[in-house]
Amino acid sequence: MPAVALGLLSAIVYGSADFVGGVAARRIGALRVTAVGAVSGLVLLFLSLPLVGGAWTPAAIGWGALSGVIGSVAVFLLYACLAIGPMSILSPLTAVISAIVPLTWGLIGGDRFAPIGYVALGVALIAVVLVGFVPERGAVRPSGRALLMAVGAGVFIGAFLILLDQTPADSGVVPLIANRAVNGAIMWTVVGLVLLRARTRAPGGDRFTAPGAGLAAASGVLDASANVLILIGLRAGDLSTMSVLVALYPAGTILLAAIVLRERIAPVQWIGLALAIGAAGMLAAA
């Protein structure tokens, strides 16, 4: 089933974008990374427009712009909750919620599977939790505020997928271009306000660096590529399947961290990765 392959591939690319963006955030900050990534992603989408095409209709632009607003809120809540921590609990919680929201919407809207498909979706949700769970010594229980932010981030990420699913079949990458344009406008406005406030308090504050900006741009290209894969997958398959598979994105981050940074993959995460592969196989057969 092409949609299953696209869903898994988009999760890997998304996870790669998060990994590169996380490294960049250590150098220039998460807010700047998001803003730079919005621009580089927009450039990639414009370059792909002649190849992929797309009709510039009010529906394509409208749904895309709305998803850009929703996506901005999702990113803000995600970074805000992860900054409070603990990430080991909040990250998988966000991923699961981001899958459950569009999954529920899709099933209400008429998505149907063979019995093995429903089992596969359940296994995939378990895999999301296990893959995203990073054991931390002495990890504290999350506050009510952090939990609410994590749930909110998951809901808005899920809403982003639902909105993409509403875009016309002939719109190509046009909705994603509208998404990135709105997202970039919002993020750069926020960055400008933050920089202005910082200089007012302490002139000559943090600045962009070339290596950090380069990594941020790469993160944006990867993120936009994942969006394209998701959009194609939604048109080739269904929202329910794609939403669960995309939620496996922590797998890409974990594997890259293990390869590049030589971070250890916990046994529970290996179990999650194995379950994810098994769930994908069942979904392909459903």
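Nothing fancy with the numbering, it's 1 onward along the sequence.
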Quiz prompt | Under 3.5 Å donor-acceptor, S143 side chain and A146 backbone | solution = yes
Self-check item: Pairs where residues 157-170 contributes a residue and the test side-chain hydrogen bond (donor to acceptor under 3.5 Å, both in side chains) is met, not counting sequence neighbours
Solution: T167-R235
Practice problem: Measure the CG-CG distance between L245 and L8 for me, rounded to the nearest 0.5 Å. | Solution: 5.0 Å
Quiz item: With a 4.5 Å heavy-atom cut-off, do V101 and I157 have their side chains touching?
Solution: no
Self-check item: Side chain to side chain, L176 and L164, heavy atoms closer than 4.5 Å
Solution: yes
Quiz prompt | Which residues share a side-chain contact (heavy atoms from CB on, under 4.5 Å) with A59, sequence neighbours left out | solution = T57, W63, P168
Exercise. May I ask you to list the residues sharing a hydrophobic cluster with L44, side-chain cutoff 4.5 Å, ordered by chain and number?
Key: V221
Quiz prompt | R180 side-chain N/O to G37 backbone N/O, donor-acceptor pair under 3.5 Å | solution = yes
Quiz prompt | Test side-chain contact (heavy atoms from CB on, under 4.5 Å) applied to L107 - qualifying residues, sequence neighbours left out | solution = L103, D111, F113, Y118, S240
Practice problem: Using the salt bridge (charged side-chain N to carboxylate O under 4.0 Å, His left out) rule, collect all pairs that involve residues 63-81, keeping only residues at least two apart or in two chains. | Solution: none
Quiz item: So which pairs with a foot in residues 41-55 pass salt bridge (charged side-chain N to carboxylate O under 4.0 Å, His left out), sequence neighbours left out?
Solution: none
Quiz item: Under the side chain to side chain donor-acceptor pair (under 3.5 Å) test, which residues partner S72, sequence neighbours left out?
Solution: N183
Practice problem: Can you sort out the partners of V75 under side-chain contact (heavy atoms from CB on, under 4.5 Å), two or more places apart, ordered by chain and number? | Solution: T34, Y79
Self-check item: side-chain contact (heavy atoms from CB on, under 4.5 Å) partners of A17, counting only residues at least two apart
Solution: S219, L222, D223
Quiz prompt | Listed partners of S67 passing side chain to side chain donor-acceptor pair (under 3.5 Å), at least two apart | solution = N179
Quiz item: Are any non-hydrogen side-chain atoms of L234 and I230 less than 4.5 angstrom apart?
Solution: yes
